[in-house]
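Report on the structure given below.
Note that this is a predicted model, so its numbers are computed, not measured. In what follows, chains are A, B, ... by sequence order, proteins preceding strands, each numbered from 1. FYI, side chains are in, hydrogens and waters are out, and symmetry mates aren't considered; it's all heavy atoms of this structure.
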Amino acid sequence: MTHFGTILTGIAFSPNLKANVFETLRLGSFLNSKVILVHVGEKNDKKEQQISEYCNTFPEFKKNVTVIWKSGNPVDVIINACKDHKADLLILGAAKRQKSKRYYLGAIAKKIAKKAPCSLLLFIKPSIERVPCRHIVVNGLKHPKTNNTIQASFEFANAIGTNKVTIVEEVAQSEVTIKVDDDKSLEKSTLLQEQILERETSRVSVILNEIDDSLKEGISIKSQGIFGTRGYSIGHYAKIQRADLLVMNKPEKSTFWDKIFPQDIDYILSELPTDVLIIH
Amino acid sequence: MTNSKNIKSFFTALPKNIFAGFVVSLIALPLGIGLALASEVPPIAGIITAVIGGVLVAILGGSNVTITGPGNGLVGVVAGAVLLYADESGLTGSEGMYQGYLIVLAAVICSGLLMLILGFLRLGKLSNYFPSSAIQGMLAAIGLIILGKQFHIMMGNRISKNGNLEYLTEIPQTIIKSFSYADTSLTFAMLSGVISLIIMVFYAKIRNKYLQLIPAPMWIVLLAIGFSYYYELVLQLPNPIHPDYMISGIPEAHEIIANIPTPNFNKVNTFGFWSVVLSLTLIASIESLLSIKAVDKLDPEKRRSNVNRDIKAIGFANIIAGFLGGLNVVTVIARSSVNVNNGASNRSSNFFHATFLVVFIVLFSTELTRIPLPALMAILVFTGWKLAHPSKIIDTFKIGKEQGFIFLTTLIITISVGLIEGIVAGIFATGLIHLIINKNLVHFFRNILKPNVLMFKEKDTNNYYVSVKNFCTFLNYTKLKRKLDTIPETEEVIIDFSFCDFVDHTVMENMADYKEIFRKKGGNFEIIGLDLLDAGSKHPFGLRRMLPVKKVLESTGVLTNRQQLIKSIAKELDYSYTVRKKIETEYLENFIYFKTKTINHTYNEIGKKDSVFKVFDVEFYEGEFIAKEVVRATMLYTELDHILPIFSIHREGLLELIYHYAGFKDIKIDKESEFSKKFYIKGEDALAIQQLITPELAQLLLDNPTFHIESNGYALLIFTKERLAGTNEIKKMKIFANDLKKLI
């Protein structure tokens with residue numbers, strides 16, 4: 001597969017270790033990719049044995065797994081490993097806010113996520129057993145990267161046996177230039193919204209047509225237009241639809257302003273609605 | 001073509017609007033004079049305000065059947081400012097008052113400018129940031145201020161005190177004193193006031209069509225003038241009412257034009273001046289916006305007012321009024337409702353109300369001096385009483401003790417300190433209470449600026465679906481409002497608060513307003529997801545917050561609106577209704593759909609006594625191993641009197657159900673190819689299922705494609721979406737189930 005040839009993940013001996021490794025290996029076997037496990041810190045026998053034990057659970061896939069032991073600053077180690085091994089996908093785990101039960105990306109993971117030179121998969125609830133991924137929500141923004149993202153989503157969906165993909169066209173509220181003041185302007189604005197949605201739907205259907213039929217087989221495809229703040233409303237949508245995975249474009253390099261005002265991706269990273277796949 | 005049609009309908013509606021304008025002017029005349037006098041400005045200023053407001057807002061405004069003119073709310077601020085500047089001017093008596101009036105005119109102009117800017121910046125929505133209990137408290141305070149001050153004049157006992165509170169505490173003294181006036185002319189003054197008050201109070205209670213032809217304030221005016229003529233012409237005696245208590249200084253029309261006052265801008269560089277300007281702007285905007293909102297509900301044609309345009313027009317009218325000697329122009333609720341009741345259909349009635357006022361002044365200005373002051377003040381005392389009626393406090397306490405606290409805080413601070421301070425205190429009190437109730441400061445601040453509202457049109461049903469996250473209070477209500485305002489009121493809307501931990505009273509009240517508007521215009525506005533939030537009180541507008549988990553199984557006993565609607569459906573169908581959560585859910589577990597799910601409980605159940613037919617909300621977790629998100633959905637369960645094959649039917653792509661039925665084949669129904677193409681039919685016994693699908697059944701399912709139907713052999717499970725259903729959806733589900741049972 002072009003998009004997920006090499007999967008890399010950082011491992012630390014957290015209580016989630018087993019689930020993290022299992023998720024990664026399972027995904028690797030579905031996507032038929034190479035898997036690199038990067039351990040930040042000193043190598044020792046006990047740890048090595050533990051990891052090889054986990055790998056043994058996937059006897060047929062074991063041969064595709066490489067384990068790397070390296071000390072240093074976790075952010076640098078992971079980023080450099082991604083570069084050195086030309087990783088296509090980096091997997092990170094999310095943390096959970098105790099009180100509000102909301103998932104977010106920890107400080108280190110966030111730094112890694114922002115610097116990563118490849119696609120990213122953020123797991124909120126890694127699990128040892130397989131939890132099927134049934135519904136994928138993909139952004140359908142008007143952006144040059146979107147074609148690639150949708151293509152990758154279908155590759156992913158096809159590999160892991162997803163039955164439903166929803167393409168969400170987020171339209172910034174500011175595109176609805178007619179402000180609603182009274183009945184007349186309401187009518188006009190409703191019309192304009194419908195036109196915009198129609199335009200978006202047809203744009204997305206062009207992209208969908210370019211995708212190979214074999215990838216789309218067995219998947220029910222829906223598209224939904226929503227008006228709202230980019231990046232945020234798609235997360236909200238994924239949450240209320242109880243999607244299992246949200247796929248998004250990787251945002252452009254952040255500028256000075258982006259650091260002051262939160263951008264699309266920041267909304268998602270600070271409150272993960274589901275597992276999130278960010279396509280480079 | 002539409003233009004000529006519009007013009008035609010405008011002219012056909014003209015007589016009605018002229019009549020409505022006439023009736024309104026009958027109230028506006030005494031009220032205008034009374035409000036001006038209570039504001040310590042020349043009486044004609046009230047009429048000027050109404051005339052300028054009526055003409056300009058009728059031409060430039062964006063609402064339909066509102067009336068503009070001098071407002072109650074501003075009396076306290078204007079009077080206070082006039083007295084203050086009169087003192088500062090060093091002049092005494094009416095000279096000093098006139099100087100104060102000139103400075104107030106400058107403040108009126110400045111506040112008009114501010115409102116114009118607010119209108120251009122589309123900040124009409126600013127008023128949404130005020131918690132509704134604080135606004136109620138402020139209005140009650142304004143009522144008390146008017147009542148406290150004018151009561152004494154109504155009783156023929158003019159006094160001068162420093163604070164609003166002192167005027168109120170002095171009321172018993174005035175009543176005692178009124179029984180022992182040495183001067184009978186004062187007793188007559190008092191009697192004119194008391195009789196007028198009695199007229200105001202009992203007018204609405206007497207349903208007599210001849211009496212009701214003329215509004216109460218006009219009756220007072222007519223009786224007073226008649227009384228004066230009776231003494232002059234019949235008894236040939238001077239008017240027995242003390243001359244100090246008669247309206248003085250209503251100039252002739254030509255004098256008004258000759259003596260247009262020049263606003264005095266000397267104080268424009270002082271802090272005090274701008275605090276007056278700010279108060280005027282604040283009250284004028286809030287009073288106008290509240291009135292516009294209230295009048296929109298009364299409008300028989302259910303039009304939506306262009307609020308920003310109206311605010312601009314009112315701001316502009318304020319500037320002009322200020323230059324011509326008038327006070328702040330405000331949209332006024334009482335006069336507007338009279339306007340609607342008398343058949344007004346467009347803004348021209350506002351224009352005619354102004355025209356008739358001009359006619360009255362030109363023809364009868366000298367007659368107006370025959371009206372005793374206490375009679376006019378009785379009208380204001382009555383208005384003040386209406387604003388500050390004790391039932392308002394009781395109602396607010398019914399919504400919740402915390403709302404009562406906000407109300408009282410605002411009220412007390414407004415009366416004892418000032419208006420701006422009062423409303424600020426109200427906002428702070430509300431914020432503080434929200435923090436105390438939620439005990440989660442971090443959550444509040446982390447989410448306050450985030451967009452928390454998602455709205456989209458569900459493609460299969462064409463419903464608008466609105467989901468609100470985190471919390472929804474007066475602080476972020478505009479975000480929700482902005483979305484809701486883009487939905488035509490003829491549509492179906494479902495607003496889902498299930499991801500919200502906290503919804504406050506201001507939002508609940510506004511939701512109720514939306515509900516009403518949608519109902520009136522033929523749409524439907526349904527609120528779901530509040531059932532699990534703990535209510536602060538039994539009142540439907542009480543704030544709601546997420547229950548701690550352990551309490552979830554106990555019912556709070558306070559039904560949400562949806563629960564009440566479900567209850568009424570149950571009553572209609574003669575079903576029983578159980579709010580309580582039931583954990584006996586075995587009967588659901590042998591449906592394939594629930595095989596991979598853990599059912600927590602069912603609740604909000606309606607059904608026949610023998611429970612073979614019921615609709616309920618069910619809460620379940622998905623997946624056995626890790627607790628995926630909790631799902632709540634509304635489902636219908638009905639038992640059958642014969643055996644059926646096990647099957648499931650749902651439309652392609654409707655639900656993500658394919659996974660559950662992995663072991664089953666998709667059965668093709670050859671004779672019903674259209675049906676077969678659109679639906680997934682799954683089951684083991686293909687032959688039996690093929691026999692089951694008759695053309696009638698296929699048609700029924702094609703007509704109702706949103707339903708998911710499942711059979712476990714002896715019972716059916718029907719639902720639409722994996723979320724709670726609105727009551728309309730419940731009704732549809734029930735009808736569908738009945739039709740379905742007949743065919744199976």
Side-chain angles (χ1 to χ4, degrees), chain A residues 19 97 99-100 102 125-132 134-135 161-164 166 168 173 176 178-187 189-190 193-194 197 201 218-229 231-237 239-244 262 267 270-271 273-274, chain B residues 62-64 122 124 301-310 440 442-443 446-447 449-460 465 467-470 482-483 485-489 491 496 498-499 501 596 622-629 631 652-660 722-723:
Chain A
R97 240 185 266 289
K99 223 173 179 177
S100 56
R102 289 176 166 83
K125 285 174 281 193
S127 147
I128 295 165
E129 300 277 324
R130 184 190 171 208
V131 178
R134 281 172 282 144
H135 182 188
T162 300
N163 331 98
K164 183 173 173 182
T166 307
V168 172
Q173 196 68 51
V176 187
I178 298 170
K179 297 274 178 291
V180 176
D181 278 321
D182 50 13
D183 295 320
K184 241 187 199 156
S185 51
L186 173 67
E187 217 171 276
S189 125
T190 311
Q193 289 195 20
E194 271 167 25
L197 288 182
T201 312
I219 298 176
S220 103
I221 303 165
K222 206 179 117 179
S223 90
Q224 173 76 54
I226 52 179
F227 289 92
T229 315
Y232 189 86
S233 36
I234 195 171
H236 196 164
Y237 180 82
K239 194 167 169 178
I240 58 175
Q241 294 294 320
R242 295 182 305 102
D244 302 291
Y267 284 130
S270 60
E271 193 184 323
T274 58
Chain B
S63 54
N64 299 297
R122 311 179 52 85
E301 292 176 42
K302 309 292 164 228
R303 287 159 291 187
R304 193 193 276 231
S305 287
N306 185 335
V307 177
N308 284 309
R309 192 162 155 193
D310 232 32
N440 194 346
V442 187
H443 180 52
R446 189 176 286 132
N447 293 308
L449 288 176
K450 284 187 192 165
N452 66 331
V453 183
L454 173 69
M455 182 185 94
F456 59 91
K457 211 169 176 179
E458 289 180 323
K459 275 200 172 160
D460 39 0
Y465 180 82
S467 163
V468 189
K469 270 212 308 196
N470 301 329
R482 212 180 299 146
K483 296 272 184 193
D485 280 343
T486 62
I487 307 175
E489 290 93 341
E491 300 282 332
D496 186 352
S498 33
F499 288 113
D501 303 333
T596 53
E622 236 179 339
E624 291 288 343
F625 179 63
I626 45 163
K628 273 231 157 188
E629 230 158 330
V631 185
E652 213 156 333
L654 180 68
L655 288 166
E656 309 76 56
L657 292 164
I658 306 126
Y659 169 72
H660 305 289
E722 287 176 307
R723 65 157 167 76

Problem set entry | Residue A:Gln193 versus chain B: region with a heavy atom under 4.5 Å | side chain
Seminar exercise, completed: Under 4.5 Å to a heavy atom of chain B? For A:Ser185 that would be neither
Problem set entry | Segment of B:Lys483 engaging chain A (4.5 angstrom heavy-atom cut-off) | side chain
Exercise. For A:Ser233, is it the side chain, the backbone, both or neither that has a heavy atom under 4.5 Å from a heavy atom of chain B?
Worked result: both
Problem set entry | Structural part of A:Leu186 lying under 4.5 Å from a heavy atom of chain B | side chain
For this session: Can you sort out the partners of A:Thr162 under side chain to side chain donor-acceptor pair (under 3.5 Å), two or more places apart, ordered by chain and number?
Result: none
Problem set entry | Minimum heavy-atom distance B:Asn64-B:Ser305, with the two atoms named | N-OG, 4.0 Å
For this session: Hey, could you give me the NE2/NZ distance between A:His135 and A:Lys222, rounded to the nearest 0.5 Å?
Result: 6.5 Å
Problem set entry | Approximate separation, where rounding is to 0.5 Å, of A:Ile226 CD1 and A:Ile234 CD1 | 6.0 Å
Seminar exercise, completed: Correct closest heavy-atom pair for A:Tyr237 and A:Thr166 would be OH-CG2, 3.8 Å
Problem set entry | Under 4.5 Å from a heavy atom of chain A, the part of B:Ser467 involved | both
For this session: Would you mind checking which part of A:Thr201 comes under 4.5 Å of any heavy atom in chain B, side chain (CB onward), backbone (N, CA, C, O), both or neither?
Result: side chain
Seminar exercise, completed: Distance col, row B:Lys469:NZ vs A:Lys239:NZ, nearest 0.5 angstrom, shows 5.0 Å
Problem set entry | Best-contacting candidate, B:Asp485, B:Leu454, B:Asp496, B:Thr486, against chain A by heavy atom pairs under 4.5 angstrom | B:Leu454
